[in-house]
Amino acid sequence: QLQLVESGGGLVQPGGSLRISCAASGFSLDDYAIGWFRQAPGKKREGVSCISSSSGRRNYVDSVKGRFTISRDNAKNTVYLQMNSLKPEDTGAYYCAAGSDLAVFGGSCYELVVYDTWGQGTEVTVSS
């Protein structure tokens, strides 16, 4: 069964850092692009960042540029999102999703429909 599992969320103070992970089971991430999304309470799920299967392409939405870094370790079948200088508006459930490079980077990698497999999410709360 293809599965993505996010971990590493938690409570952090404004200005703090957190690294969340997306681990795959039942399949290899080697051939998949990965996107990170977040959803704040009462709001739509929005794209945050995405990375191609070879790590050659990495995109970030403007609100996280310079603060977040996406990376992957295909040997560990895991993708990471390092989040620095966190702000209260970064609060939400963070989800990872997998799709083909062609689908994900053929258009906007922030479109939910280009992804085939989704994780269950990990909560990130930025608050003092």
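Just so you know, these numbers use all the heavy atoms, side chains as well, and skip hydrogens, waters and symmetry mates.
Put simply, the side chain of S63 does not reach to within 4.5 Å of the side chain of E89, judged on heavy atoms. Inter-residue side-chain proximity for Y32 and F27 is flagged as met; some heavy-atom pair is nearer than 4.5 Å.
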### Message
For S17 and N84: C-alpha separation, side-chain torsions, deciding distance, then whether side-chain hydrogen bond (donor to acceptor under 3.5 Å, both in side chains) applies.
### Response
CA-CA 4 Å; S17 297; N84 299 329; 2.9 Å; yes
### I70 and Y60: CA distance, side-chain angles, deciding distance, side chain to side chain contact (heavy atoms under 4.5 Å, CB included) verdict
CA-CA 9 Å; I70 191 170; Y60 302 92; 3.4 Å; yes
### Message
For V79 and L29: C-alpha separation, side-chain torsions, deciding distance, then whether side chain to side chain contact (heavy atoms under 4.5 Å, CB included) applies.
### Response
CA-CA 9 Å; V79 174; L29 283 181; 4.0 Å; yes
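Contact detail for L2 and G26: the closest heavy-atom pair is CD2-O, 3.4 Å.
Using modelled atom types and a 3.5 Å distance limit, the side chains of S53 and D31 yield no donor-acceptor pair. Using modelled atom types, one finds a donor on one side chain and an acceptor on the other under 3.5 Å when comparing Y94 with R38. Inspection of the R57 and N59 side chains reveals no N or O donor paired with an N or O acceptor under 3.5 Å.
The hydrophobic cluster containing I34 also contains I20, counting ILVMFWY residues as joined when their side-chain heavy atoms lie under 4.5 angstrom apart, directly or transitively.
Other residues, nucleotides and ligands contribute only 12 or fewer heavy atoms inside 6.0 Å of the CD atom of Q120.
Here the side chain of Y115 pairs no donor or acceptor atom with the backbone of C96 at under 3.5 angstrom. Using modelled atom types, one side-chain atom of T78 and one backbone atom of K76 make a donor-acceptor pair closer than 3.5 Å. Without hydrogens or angle criteria, N77 side chain to A24 main chain gives a donor-acceptor distance under 3.5 Å. Proximity of a side-chain donor or acceptor of R67 to a complementary backbone N or O of S85 within less than 3.5 Å is detected.
Taking the six-membered ring for Trp and the full ring otherwise, W118 and F37 have centroids separated by under 6.0 Å.
Using a 4.0 Å cut-off between charged side-chain N and carboxylate O, D62 and K65 make a salt bridge.
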